[in-house]
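So the structure is just underneath, and the comments pick up after that.
Here is the naming used below: chain letters follow the sequence lines, and residue numbers restart at 1 for every chain.
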Amino acid sequence: MAVIRGTKPTRAVLIALRRRIKVAQTGHELLKMKRDGLMIEFFEVLNRAKTIRQELVNEYIRAEQRLSLAKAADGTIAIKSVAFALQKEPAVDLQSRNIMGVVVPKITAEAVHKKMYERGYGIIGTSAAIDEAADAYESLVDKIITAAEVETSLMKLVDDIEKTKRRVNALEFKVIPDIKDTIRFIGFALEEMDRDNIVRLKKLKAKAQKRAKAEEAEKAAKAAAEAAASAT
Amino acid sequence: MPVLRLPKFGKPVKYAYITGRVRAMKTKLIPNEMYARMLNMDIPEIARYLEETQYKEEIDALAKDYSGAELIEHATFANLAKTYRKLLEVSIDEPQFLILEYLRRWDIWNIKTILRGKFYGASDSEIMKYIVPAGELDMEFLEGLAKKDSINDVIAAFEGTDFAEALSKYDGKFLASVENALDKLYYFRMERAVGGTLSVGGGLLLKYVRREIDIRNLITLFRMNKAGIEASIVQENLIPGGKLGEELSRMAGQPYADFVRGLEGYPFWSAISDVATADLDGVSRIEARLKAYLIRYAWSLSNYHPLSILPVLGYIVTKETEVANIRKIVRGKEAGLPNELIEEQMVVA
C-alpha cells in the first residue's frame, strides 16, 4: 500500500482525492486514446517514411550516375563552369501542422524544379548530360525535403508516443493506485477516528452515569439519615 | 549581328607548310588501340601512361595542385590549349585566320566561364581553374578579366569588339541570353569566315560548319522538345544558319514522338535510329551519338584535299576527341561505370 506522503487523513482531503481520482481516470482514458491514435498515425507515417527513404536512395544513386556521366561527357571543368551560372538557389518555407496535439513541420520547397531555360545557363553551349544531371539533382533535393518533413514528423510522433505512454503508465500504475490507496487509508483512518469517538463517548457516558448514581446514593443516604434523626 | 570584315589573302594560299606540321603533330596523338588498353588500366596507370606521351609536361606541372582524375582532366585540357596555340603560331594568312575563327569557341567558353564566375561571386583564382586558353584570348588577358570587380566591368572590357553586342544582352539577372548570344555570334562568324574563303576545301569546310550548326540545333530540339517547351522559346535557342535551319526551326515545340518520327530520312538518322525512340529516358545518349556523327563527318572530310584546311580541321577535331576520350575513361573509371557504358560515350576512328 503506497499512500501519498504528507496526506492528512481528513474528510476534506478525502473529498479532494475523490475528485482527483475522477480527473486522473478521465485523463488516463483520454491519454490511452491519444496513444492509440498516435500509434495508428505513426505506422502510417512509418510506411511513408520507409517508401520515401527508399526513393531517396534511388534518387541519389540516379543523380550520382547522371553527374558521373555528365562529368565524363563534358568534364568537371564544364560542369563547374555551368554550376557558377546557377540563377536562383532553392528556398524552403517552414510551417507547422498538428497531428493529435503533436506539432510536426510542413516544409514547402520553392524554386527547386526549374525548366531547363530557367536554370541560368545558355542552352546552345551546354549539353543534355548537364540537363539530366541538374534535373536528377533537383529531384533529389525535392525528395530530401519530403524525407526531412516525413522523418521529422516520425521522430516527433515517436517522442510524443513515448511521452504519452509514460503518462498513461504513470497514471495507470502509480497515480491512480496511490490515490486509491490513500483514499482507502483515509477511509480507514476516519473509521478509526469514529470508533475512538464512540468509545470515548461511551466512556464519558458511563462516567456520567456512575457519577449520577453516586449522587443519587448520596442523596438517598442523606434522606435516610434525616429520617432517622427525626424519628429519634 | 555584327558584320565580319574578312581579311584579303594573296592567292594561291599555301597550305603545304601547315598541313606538313599537322601531319607531324598527328604522330604524337594516342593510337586508337591504346583506348582499349586504357579501359583496363587504373587511373594511376593511365596517368603514368600519359606521362610517356605529349601530356607529360602538363601532368608534371599540375601534379602539385591536382591528383587522380582531376589531374588528368586539367592536364589534358592544358595540353589541348597548348596544342591549339601552337597551331596558331605555326600558321599564317588564311589558314591562321580560319583556325583562329574555329578556335574562338574556346574564347566564348572562357568569356562565359568568367561571366558565370563573376555572377556567382567566385574568386579570380577559382575562376582561372576552369579557363582553357585555347583561343585568341591569352591567359594574361583572361586573368585580367577574372580580376575585374563585376560582370559589367568584364563586359566593358570588350567595348568596341565583335563580342560587345552579344554581351550587351546582359540584363543584370540572367546569363542565359548572353551565353546564347555569344554562341550564336561564334557560329555566325564561323559561317561567314569560312564562306568567304575561295581556297580548295573551303566549300567542304563550310559544309562541315553548317552541319555542326544543324547538329547543335538538333541537340537543342531534342532537349527542349523532350521537355515539352513551347515553340517560341525553343526557336530563341536555335542557332541561325546551317543547312537545315528552316526545317529544324519548324520542328520547334513539336510533340516529342512526332518530332522523332519527322527526323527519319535525314542523313544523321542512321546514327541515332536505334536510340531515338519516343519512350527514351534521357537525350544524352542521342547527343553523344550526334556528336560522334559530327566527329566522323569531320574525319571523312579531312581526307578529301591533302593540301587544304581540311586536314587541319581533322587534326583539331581529333585532338579534341582524344582529350574527351581520355576524360571519359578516367571519369568513367572514377565513377565505377561499366566499360561498355564508357565505350559507348567514346569516339574512336
>> Please check this pair: side chain of B:Glu179 against backbone of A:Ile123, looking for a donor-acceptor N/O pair closer than 3.5 Å.
In response: no
Rounding to 0.5 Å, atoms CD (A:Glu118) and CZ (B:Phe174) come to a distance of 7.5 Å
The interface call for B:Leu337 against chain A, heavy-atom contacts under 4.5 Å, is side chain
Quiz item: Just wondering, more than 12 heavy atoms not from A:Tyr137 lying within 6.0 Å of its OH?
Solution: yes
Q.
Can you confirm whether more than 12 heavy atoms, excluding those of B:Met139, are under 6.0 Å from its CE atom?
A. yes
Under 4.5 Å to a heavy atom of chain A? For B:Tyr186 that would be neither
Nearest heavy-atom approach of A:Ala85 to B:Phe119 is O-CE2, 3.7 Å
Can you confirm whether more than 12 heavy atoms, excluding those of B:Tyr66, are under 6.0 Å from its OH atom? yes
A:Lys165, NZ: over 12 other non-hydrogen atoms inside 6.0 angstrom
no
| Which class fits the ring pair B:Tyr130 and A:Phe84: parallel under 30°, tilted 30 to 60°, perpendicular over 60°? | perpendicular
For B:Val283 and A:Ala128, the nearest pair of non-hydrogen atoms, with its separation, is CG2-CB, 3.4 Å
Will you find, in the side chains of A:Thr76 and B:Arg327, an N or O donor that is under 3.5 Å from an N or O acceptor? no
So, the part of B:Ala227 with a heavy atom under 4.5 Å from chain A: the answer is side chain
Applying a strict 4.5 Å limit to non-hydrogen atoms, the region of B:Leu341 in contact with chain A is side chain
One should read off an interatomic distance between B:Ser284 OG and A:Ile130 CD1, to the nearest 0.5 angstrom, of 11.0 Å
The side-chain contact (heavy atoms from CB on, under 4.5 Å) partner of A:Ile77 among B:Glu70, B:His74, B:Lys129 is B:His74
Max heavy-atom pairs within cutoff under 4.5 Å with chain A, candidates B:Lys328, B:Glu334, B:Arg285, B:Arg105, goes to B:Lys328
Distance col, row A:Ser127:OG vs B:Arg216:CZ, nearest 0.5 angstrom, shows 8.0 Å
Okay, A:Lys71 and chain B: the region with an atom under 4.5 Å from a heavy atom over there is both
Okay, B:Met346 and chain A: the region with an atom under 4.5 Å from a heavy atom over there is neither
Turns out that what part of A:Asp135 lies under 4.5 Å from chain B's heavy atoms comes down to neither
The interface call for B:Lys118 against chain A, heavy-atom contacts under 4.5 Å, is neither
The interface call for B:Ile229 against chain A, heavy-atom contacts under 4.5 Å, is side chain
If you count the non-hydrogen atoms of other residues, nucleotides and ligands that lie under 6.0 Å from CZ in A:Arg62, is the total more than 12? yes
Rounded to the nearest 0.5 angstrom, the CZ-CG distance for A:Arg119 and B:Leu175 is 15.5 Å
Comparing B:Met224, B:Arg116, B:Arg331 against chain A, the one with the most heavy-atom pairs below 4.5 Å turns out to be B:Arg116
If one checks every heavy atom of B:Leu115 against chain A at 4.5 Å, the contacting part turns out to be neither
**Item:** Donor-acceptor contact below 3.5 Å, side chain B:Gln345 vs main chain A:Ala72
**Value:** no
Separation between NZ (A:Lys80) and CD1 (B:Ile127), nearest 0.5 Å, reads 13.5 Å
Cut-off 4.5 Å, heavy atoms of chain B, and the answer for A:Ala70 is neither
Establish, from distance only, whether the side-chain atoms of A:Thr126 and B:Arg223 form a donor-acceptor pair under 3.5 Å.
yes
Under 3.5 Å donor-acceptor, B:Asp183 side chain and A:Ile124 backbone: no
Counting neighbours of CZ on A:Arg195 that are heavy atoms of other residues, nucleotides or ligands and sit closer than 6.0 Å, is the number greater than 12? yes
